[in-house]
Number of protein chains: 2
Amino acid sequence: MKQKILVVDDEPEAVELVEFNLKQAGYAVSTATDGVEALKKARAQTPDMILLDVMLPEMDGFEICKTLRLETSTARTPILMLTAKASEIDRVLGLELGADDYLTKPFSPRELLLRIKKILGRGVVEEKSRDQLRYGDLMIDVPRHVASWKGKGIELTATEFKLLTTLAQRTGRVQSRDSLLRDVWEYDSLIDTRTVDTHMRRLREKLGPAAKHLDTVRGVGYRFVE
Amino acid sequence: MKQKILVVDDEPEAVELVEFNLKQAGYAVSTATDGVEALKKARAQTPDMILLDVMLPEMDGFEICKTLRLETSTARTPILMLTAKASEIDRVLGLELGADDYLTKPFSPRELLLRIKKILGRGVVEEKSRDQLRYGDLMIDVPRHVASWKGKGIELTATEFKLLTTLAQRTGRVQSRDSLLRDVWEYDSLIDTRTVDTHMRRLREKLGPAAKHLDTVRGVGYRFVE
DNA sequence: CAGGAATGTGACGAATACGTGACATCCCCT
DNA sequence: AGGGGATGTCACGTATTCGTCACATTCCTG
């Protein structure tokens, strides 16, 4: 199964060159030359990776990147940004945009392939998800100990943060109060299980709209949903 | 830690000139004047980058480049090719050879350094951070053991300086007291002590306004923020 | 629809973690 | 030896955070 890469650039020659090299290297390639087309194809084809030029007519790369991050179907698709200016790099890789890597133009085919392999080759989604989790507008950065909603930080206490990450790291799976006590509190049940409920409440309060990710499963426990 | 560059050229004068310039610029340089020697040194020294002339007796630059790419220890080492003919460029940069960049002779030292920086300067965020860190008005020069605020020096003790750099080198990431004890004090013991806190206080006092970079994350540890 | 169980909510005392000042010890320098 | 700075430890005060309980609400079951 070939991996699909979507190439977005407004210069047909540039697209062609990249396309040729990527196909040589065994990837399936689709292309777009403007922002609207890019978004459409990204949604329809769910590529394994997107190569995105910053300079585009109308909707620029930053806009597209942001939009892609907000939509669940593409929120976790790795994005490799092509940019001309070193000054943009911080912004590209930062929390606001959250691209996975960047390349400054001009670049050699070899450089390009190295970057792509670096991202695709190692099953990044999982790798990265241990450090930084993203679900639509909700971002959780474990080592930084920061959670944010639409780029705005959410202040959480240590316990709340751990509870959130414990749930998020096993997205979709219901976790009983007991198992949460074990994982978050590291107790063997010296603690009232209602404590979990209380902390879930506090967590929900602080998360605000993002609390929609926190599901109560009656009679069983809690679960994080996308 | 200086970055090592291997210079390969069969003309001793050319080698000397390049070597001089690179050393001036702060790189560690080793040289080779023929293909066999080049391969040997590349394997043995694992340089951070190889400067490779195409015109060489016996084994030419193309051969060497190919060979280097095939061997795992050198497959990812950036290669900058020096070539006389524009017609060779495509081949040099193409997938077959996979050099990272090229320079046509003759070139000025300035051009050379620019190319090298472009290639080496890329993944270097971490590398660089070991030498000099800058966050707004706060500057930390690790090898010189100097910190300053708005150009004015801040006198720090050895421990305070190490604590600061340890935090700053992992900007954004929260570090627990335990991990700080390990990294700064090189303790293994997990004794519950307020030592870290005390030093944080002293550090904050001395940093004055710059102390805003030092964040306490309750229940977790400390963190350096920009 | 009623009743019970499970969960959400609000409040409060207890526990905890952190900042701070003080102090003893160590080490280097004169 | 003496002095001064650096370092590690301790005790204490305070603000935050935690765990628990009582009560309200919701949901399921019969």
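Just so we're on the same page: letters track the sequence lines, and every chain starts at 1. Heavy atoms only: backbone and side chains are in, while hydrogens, waters and symmetry mates are out.
Separating the NE2 atom of A:His199 from the C1' atom of C:dT7 is a distance of 16 Å, rounded to the nearest angstrom. Atom CD of B:Glu160 is separated from atom C1' of D:dT7 by 10 Å (rounded to the nearest Å). Rounded to whole Å, atom P of C:dA17 lies 16 Å from atom CG of B:Leu180. The distance between atom CE of B:Met200 and atom C1' of C:dC18, rounded to the nearest whole Å, is 11 Å. For the pair A:Leu163 CG and D:dG19 P, the interatomic distance rounds to 11 Å; values are reported in whole Å. Summarising the geometry, the separation between CG on B:Leu214 and P on C:dG19 is reported as 10 Å, rounded to the nearest angstrom. A straight line from CG of A:Leu203 to P of C:dG8 spans 12 Å, rounded to a whole angstrom. Across the protein-nucleic acid pair, A:Leu181 atom CG and D:dG19 atom C1' stand 11 Å apart, rounded to whole Å.
Out of D:dT9, C:dA6, C:dA11, the shortest distance to the side chain of B:Thr198 is found at D:dT9. The listed nucleotides are C:dC18, D:dG8, D:dC18; the one nearest the side chain of B:Thr216 is C:dC18. Side chain of A:Thr195, nearest nucleotide from D:dT26, C:dG19, D:dT20: D:dT20.
Dashed line: the shortest gap from a side-chain N or O of B:Thr159 to OP1 or OP2 of D:dT7 is under 4.0 Å. Between C:dA6 and A:Arg177, no contact under 4.0 Å exists linking OP1 or OP2 to a side-chain N or O. A sub-4.0 Å separation between OP1 or OP2 of C:dG19 and a side-chain N or O of B:Arg204 is present. Residue B:Trp185 places at least one side-chain N or O under 4.0 Å from the OP1 or OP2 atom of D:dG8.
Of the residues near DNA chain C, A:Tyr222 and B:Glu205, the one whose nearest nucleotide (by heavy atom distance) lies more toward the 5' end is A:Tyr222.
Among the atoms of the strands shown, base atoms are found under 4.0 Å from some heavy atom of A:Arg202. Residue A:Val196 is classed as having no contact, given no heavy-atom separation below 4.0 Å to the nucleic acid.
Side-chain atoms of B:Arg201 come within donor-acceptor range of the base of C:dG21, with a qualifying N/O pair under 3.5 Å. With hydrogens and angles left out, the side chain of B:Arg194 and the base of D:dC10 share no donor-acceptor pair within 3.5 Å.
Enclosure of atom CD in A:Glu155 is not indicated, since only 12 or fewer non-hydrogen atoms of other residues, nucleotides or ligands lie within 6.0 angstrom.
Between the side chain of B:Glu160 and the main chain of B:Leu156, no donor-acceptor pair closer than 3.5 Å is present.
Between A:Thr31 and A:Val8, every side-chain heavy-atom pair lies at or beyond the 4.5 Å cut-off.
A donor atom on one side chain and an acceptor atom on the other are not found under 3.5 Å apart for B:Ser179 and B:Arg170.
Under the 30°/60° scheme for interplanar angles, the aromatic rings of B:His213 and B:Tyr135 are found to be tilted.
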